[in-house]
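Values below: every heavy atom of this structure, side chains too, minus hydrogens, waters and symmetry copies. Positions are given from 1 along the sequence.
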Amino acid sequence: MKTNMTNHKTLLVLLFMLASWIIFKVFRNSTQVGIAFYTLKLPEGLNCWVMRVASSCPNSPLHSMISPVMTDLRIKEIMKKLDQLIPPRPFPHVNTTTSAAHSRVTVLSPRDTYCIGEHLDLLLEVRDHLGRRKEYGGDFLRARMSSPALKAGASGEVTDFNNGTYLVRFTLFWEGQVSLSLLLIHPSEGVSALWRARNQGYDRVIFTGQFSRDTFHVNTDCALILNSSTELCQYLDGQYQEAFYCVKPQHTPCAALTHMRSKNKEVSYLSKQERSLFERSNVGVEIMKSFNAINVSRCNIPAVPRKEKCKLGMISTAPSGHVWKDTWNPVSCSLTSIEMKECLRGKLIYLLGDSTVRQWMEYFKENINTLKSVDLHESGKLRHQLAVDLDRNINIQWQKHSYPLIGSLTYSVKEIEYIARVIDRIGGGKNTVIVISLGQHFRPFPIDVFIRRALNVHKAVQHLLLRSPDTTVIIKAENTREMYSDAERFSDFHGYIHYLAMKDIFQDINMGIIDAWDMTIAYGTNDVHPPQSVVRNQINILLNYIC
């Protein structure tokens, strides 16, 4: 009997060990498979957007739970793809870089007159300042067509063959005389230098934090990364793994941080020779100075079928639209004029991000006379804003995004929040609209800061749409900005990289895209805060999405 009991116990122990081993193997293998699947899906998606064939890109599955490790892997994958797009281009002398004056443009299949709806194709061969043909691409170019008398404009599509030649395609949207422009914003060597320099340091902008205790105020240095041997205050979002740091003042708690301001620091990661590429005379140089305007006629083209109304989830095109008589006309859908007050009746509108979407808030307040601002007892231009129309039950609010937030004027950080956190506490629903605008304040910092923020917002939007799938979410792309202002920090090249990354990251979500990037190129504004006509057209897209 004793022997049988011993054998029985031994058997139970062996069975328990076997079960434990099986559970361990299954868990480990499933974890490895999950990570491999998550990291493999990114390169295909990014390549789809870069090659502008979004219709061939498969939809990515939703990931409701993404660990910090997976987020880090995704950031590395995106950065790896971007590194491949922007290879190093060292140069021995400025004379070996791309020259707008020496480059040549040829019209393919030239004619005296073209018809509306046709394409006009140009072949660009880039040469250096010595007149020698270049053997690689990567130049940052901007193509635009315009008819100022008609208040008309559109971007052109540039295809880089990576051998020193480019195809520049214009779609002829309107009748009349059309002027063509092809700007060399930065030569490929300048693009390579900006990319290398951007990812080297976090200290191009320095932040000053103000700590308050009773009537006592003290200022200390703050940053995304602080190399300091002194004690630091860490402001960490544990869930989304984003952090900001300040030097801790003596005898003052970290929680006493109340205000912030910033200024550009006298630091550069460009060599003297590289910096010469970003002098005003070398930025945004016209390649097609000698080109005459072309004539476009209506011809006997059949009537174009009526396009469906713009709605969420529509595929982006290149170009995405054109301006005519100061009005934006999308390529893939139609916009109608919508009465703003009635469209916004019963709506809860969240405008989240930077000052380019704060312009929307100001536009709403100026153009809806029944909207009343609510005093939230904050001060400064970056204060949280709220406006309501009680009769129509309209609620519109603007809230700034969290660090990094660049501003020379002192602003309050008492209630500063990451956009992902704001979205997490929004209930959502069919009358809730969220507009997100990110990018301009991230340009002076390494790209991983922006990618992490975009991934975190993406994650929060996924969760929101799981609990409230009828919520309207819209991404407003960056505006182009001043062309000759501090390229190392604020060049539109940085904004274009953001533009590509945002499109890739959010491609699996049924949401609206307001392509402010293409729109501001078409308008030719070159102003981070474009005129009211541009803002009006951006908001008209929003109204068409929600009404």
Side-chain angles (χ1 to χ4, degrees), residues 98 100 139-158 168 170 173 178-187 190-191 194 198 264 277-289 291 293 318-329 353-360 362-363 406 408 437-444 476-500 502 514-539 541:
T98 307
D139 301 289
F140 189 44
L141 305 166
R142 179 170 298 168
R144 180 174 181 260
M145 54 185 276
S146 62
S147 296
L150 297 172
K151 294 185 178 180
S155 68
E157 184 179 12
V158 179
V168 183
F170 294 98
F173 290 110
V178 175
S179 298
L180 305 180
S181 170
L182 181 60
L183 299 180
L184 175 63
I185 308 295
H186 303 308
V191 167
L194 284 177
R198 174 172 184 172
N264 295 340
L277 298 178
F278 305 106
E279 294 173 357
R280 182 164 185 152
S281 60
N282 293 327
V283 175
V285 183
E286 181 60 68
I287 296 175
M288 301 175 62
K289 287 182 179 178
F291 266 70
S320 61
H322 72 280
V323 183
W324 188 71
K325 291 187 177 180
D326 215 19
T327 299
W328 180 250
N329 297 269
D354 56 33
S355 58
T356 67
V357 78
R358 189 185 68 221
Q359 279 190 284
W360 290 23
E362 294 162 354
Y363 184 90
I406 298 169
S408 57
S437 179
L438 284 173
Q440 296 284 350
H441 293 257
F442 292 79
R443 292 189 183 191
K476 177 199 161 293
E478 285 182 52
N479 302 333
T480 55
R481 65 177 299 157
E482 298 77 9
M483 197 175 295
Y484 308 111
S485 175
D486 198 347
E488 185 172 357
R489 290 180 178 87
F490 297 113
S491 168
D492 272 343
F493 163 71
H494 300 313
Y496 182 64
I497 296 301
H498 293 170
Y499 179 72
L500 294 178
M502 287 288 279
I514 294 181
D515 196 342
W517 183 267
D518 193 56
M519 185 185 291
T520 48
I521 291 176
Y523 269 96
T525 61
N526 296 325
D527 188 341
V528 68
H529 297 121
Q532 288 290 287
S533 58
V534 178
V535 176
R536 169 175 54 81
N537 279 281
Q538 292 175 352
I539 289 176
I541 301 174

**OP:** Hey, can you tell me if Phe278 and His186 have their rings parallel, tilted or perpendicular (30° and 60° cut-offs)?
**Re:** perpendicular
Scanning both residues in full, the closest heavy-atom pair of Val528 with Pro530 reads O-CD, 3.3 Å
Worksheet item: Do the side chain of Tyr523 and the main chain of Asp326 share a donor and acceptor less than 3.5 angstrom apart?
Response: yes
Distance col, row Asn282:CG vs Glu279:CD, nearest 0.5 angstrom, shows 6.0 Å
The single option from Glu286, Arg144, Lys289 that satisfies side-chain hydrogen bond (donor to acceptor under 3.5 Å, both in side chains) with Ser181 is Glu286
- Task: Indicate whether any N or O donor in one side chain lies under 3.5 Å from an N or O acceptor in the other, for Asp492 and Thr480.
- Result: no
May I ask you to test the Phe173-Pro319 pair for a side-chain heavy-atom distance under 4.5 Å? yes
What one should report as the nearest heavy-atom pair of Gly284 and Tyr484 is O-OH, 4.3 Å
- Give a yes or no answer on whether the side chain of Asp527 reaches the backbone of His529 with a donor-acceptor pair at less than 3.5 Å. yes
Donor-acceptor contact below 3.5 Å, side chain Asn526 vs main chain Met483: no
Trp328/Ser320 under side-chain contact (heavy atoms from CB on, under 4.5 Å): CA gap, chis, key distance, verdict: CA-CA 10 Å; Trp328 180 250; Ser320 61; 3.5 Å; yes
* Could you tell me whether the side chain of Leu141 reaches within less than 4.5 Å of the side chain of Ile185, counting heavy atoms only? => no
> Between Trp517 and Tyr496, what is the ring plane arrangement, given parallel below 30°, perpendicular above 60°, and tilted in between?
Replying inline: tilted
query: So, the side chain of His441 versus the backbone of Ile406: is there a donor-acceptor pair under 3.5 Å, distance only?
result: yes
Query raised in the report: Does Asp515 come within less than 4.0 Å of Lys476, counting only side-chain N to carboxylate O?
Result: no
message: Using a 6.0 Å distance limit plus a 45 degree cone around the ring axis, check whether Arg536 lies over the aromatic ring of Tyr363.
response: no
Taken to the nearest 0.5 Å, the spacing of Ser179 OG from Phe291 CZ works out to 12.5 Å
For Ala154 and Ala522 the tightest heavy-atom approach is CA-CB, 3.8 Å
For this session: Keeping the roles fixed (side chain from Gln440, backbone from Gly495), state whether a donor-acceptor pair exists under 3.5 Å.
Result: no
Smallest heavy-atom separation, Gln538 atom then Ala516 atom, equals NE2-CB, 3.5 Å
Heavy-atom closest pair (Phe490 atom, Pro444 atom, distance to 0.1 Å) is CE2-CG, 3.6 Å
Heavy-atom side-chain contact between Ile541 and Met519 under 4.5 Å
yes
Rounding to 0.5 Å, atoms CG (Asp518) and OH (Tyr499) come to a distance of 5.5 Å
Whether the side chain of His498 engages the backbone of Ala477 through a donor-acceptor N/O pair (distance < 3.5 Å, no angle test) should be reported. no
Polar side-chain atom of Asp354 near backbone of Thr356 as donor-acceptor pair, under 3.5 Å:
yes
Is any side-chain heavy atom of Val285 closer than 4.5 Å to one of Leu183? no
d(Lys325 NZ, Ser147 OG) to nearest 0.5 Å is 12.5 Å
* Under 3.5 Å, side chain of Ser491 to main-chain N/O of Phe493, donor-acceptor pair present? -> yes
Q.
Is there a side-chain contact (heavy atoms from CB on, under 4.5 Å) between Thr525 and Asn479? Walk through the geometry before answering.
A. CA-CA 9 Å; Thr525 61; Asn479 302 333; over 6 Å; no
Output for pair (Leu182 CG, Asp139 CG), nearest 0.5 Å, gives 10.0 Å
Value for CG (Leu194) from NE2 (His494), rounded to nearest 0.5 Å, stands at 5.0 Å
>> Strictly below 4.0 Å, N to O, side chains only: are Glu478 and Arg443 in salt-bridge contact?
In response: yes
- Query: Would a distance-only check, ignoring hydrogens and angles, find a side-chain to backbone donor-acceptor pair under 3.5 Å from Asn329 to Thr327?
  - Reply: yes
